[in-house]
Amino acid sequence: MTEVYLRRLSRWQAEQQRAAVADVHVTAYRGEAGAEYRDRQGFLDRFEQHVQRLGFDMMVADAGGLVGCAYGFRVERTGEWWSDFRGELPTDIEELTASGRTFLLAELMVLPAHRRNGVATLMGERLLARLDTDLVVAAVDLERPDGREDGDGDGRPANAAQATVRAWGWSKLGLLAPHSPSAVREVWIRRPLR
């Protein structure tokens with residue numbers, strides 16, 4: 001396996017690398033459920049918006065070319081991100097969001113050839129290590145690539161992202177259920193260690 005180097009990208013560097021990041025995104029998610037969400041142009045549109053968000057931060061893995069990427073940004077203080085949350089949002093989560101102390105891990109992707117080598121974990125650790133936040137959230141697709149949902153009794157995680165956040169010790173908070181039933185995602189949280 002080729003040695004992988006991690007580096008943090010500034011907002012400007014991230015914009016300059018957007019085509020390479022989109023290539024990683026398309027390859028990392030090829031053939032998985034939610035393909036309509038995972039298309040290249042859709043990703044580029046979201047990425048363009050994400051890069052402009054307050055507190056944007058990005059870590060990439062490089063092995064003679066990008067092989068992985070993790071990025072996120074601060075959740076808006078208005079709490080708009082939580083508008084599709086099913087059920088009642090805990091008061092402390094609302095307060096942390098309103099105080100600007102919540103970071104959204106928006107994307108975590110690794111090329112298939114570099115998975116199961118700790119690349120995602122290293123990127124995640126480095127990205128989140130210097131955050132000055134009290135809560136980190138991530139929205140994870142609910143459905144498995146085989147079309148079955150988690151909780152069908154076999155004990156397997158729904159997908160690699162869910163398996164990753166579980167392995168990192170994050171806690172499942174609930175579900176985001178936007179306008180489309182196929183877009184239901186689990187919300188996972190982590191309170192950084194101080």
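Residue numbers start at 1 and run along the sequence shown. Because the structure is a prediction, the values reported are computed rather than measured.
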Please determine, by modelled atom types, if D45 and Q49 share a side-chain donor-acceptor pair under 3.5 angstrom.
no
Answer yes or no: is there an ion pair linking R185 with D84, defined by an N-O contact shorter than 4.0 Å?
no
Minimal non-hydrogen separation, Q162 against V140, with atom names:
N-CG1, 3.6 Å
Step by step, work out the side chain to side chain contact (heavy atoms under 4.5 Å, CB included) result for L9 and M59.
CA-CA 6 Å; L9 297 186; M59 181 68 60; over 6 Å; no
Would you sort out whether D132 and R74 count as a side chain to side chain contact (heavy atoms under 4.5 Å, CB included), showing the intermediate values?
CA-CA 10 Å; D132 183 26; R74 298 238 180 201; 4.0 Å; yes
Closest non-hydrogen atom pair between F43 and Y71, with its separation
CE1-OH, 4.0 Å
CD of E48: more than 12 outside heavy atoms within 6.0 angstrom?
no
Could you go through the side chain to side chain contact (heavy atoms under 4.5 Å, CB included) check for L128 and R190 one step at a time?
CA-CA 10 Å; L128 303 178; R190 185 194 96 174; 3.6 Å; yes
I need the R86 CZ to E186 CD distance, nearest 0.5 Å.
11.0 Å
Is there a side-chain contact between V51 and M58 in this structure, where contact means two heavy atoms from C-beta onward sitting under 4.5 Å apart?
no
Check whether any side-chain heavy atom of L135 lies under 4.5 Å from a side-chain heavy atom of I189, and answer yes or no.
yes
Minimum side-chain heavy-atom gap V75-V137 below 4.5 Å:
yes
Give the intermediate values and the outcome of side chain to side chain contact (heavy atoms under 4.5 Å, CB included) for residues H25 and E107.
CA-CA 9 Å; H25 186 270; E107 286 287 347; 3.8 Å; yes
So does R8 pair up with D57, basic N to acidic O under 4.0 Å?
yes
Side chains of T97 and W82: is there a donor and an acceptor less than 3.5 Å apart?
yes
I'd like to check V67 versus V24 (side-chain heavy atoms, cut-off strictly below 4.5 Å). Are they in contact?
no
Between F73 and A106 the two heavy atoms that sit nearest each other are CE2-CB, 3.7 Å
Distance, nearest 0.5 Å, that separates CG of L131 from CZ of F103:
5.0 Å
Rounded to the nearest 0.5 Å, what separates atom CZ in R191 from atom CH2 in W170?
12.0 Å
In plain terms, say whether D23 and R40 are close enough for a salt bridge, that is, a side-chain N and a carboxylate O under 4.0 Å apart.
yes
Using every non-hydrogen atom in the two residues, find where R101 and T133 come nearest and quote the distance to one decimal.
O-CB, 3.3 Å
Side chains of Q17 and L66 in contact at under 4.5 Å (non-hydrogen atoms)
yes
Between V4 and A61, what is the shortest heavy-atom contact and its length?
CG1-CB, 3.5 Å
Just wondering, more than 12 heavy atoms not from R18 lying within 6.0 Å of its CZ?
no
Pairing of E76 and R53 as salt bridge, 4.0 angstrom limit:
yes
Find out whether V119 and L122 are in side-chain contact, i.e. whether some heavy atom of one side chain is under 4.5 Å from a heavy atom of the other.
no
Side-chain donor-acceptor pair under 3.5 Å between T121 and W168, yes or no?
yes
Kindly indicate whether the side chain of M109, heavy atoms from C-beta on, has any atom under 4.5 Å from the side chain of M123.
no
Is the shortest heavy-atom distance from the side chain of T102 to the side chain of W81 under 4.5 Å?
no
Closer than 3.5 angstrom, by distance alone: can the side chain of Q16 be matched with the main-chain N or O of Q13 as a donor-acceptor pair?
no
To check you understand the geometry: which heavy-atom pair defines the closest contact between A14 and F56, and what is its length?
CB-CE2, 3.8 Å
Using atom types as modelled and distance alone, determine if a side-chain donor or acceptor of R115 lies under 3.5 Å from a backbone N or O of V110.
yes
For E80, is there any backbone N or O sitting under 3.5 Å from a side-chain donor or acceptor partner on S83?
yes
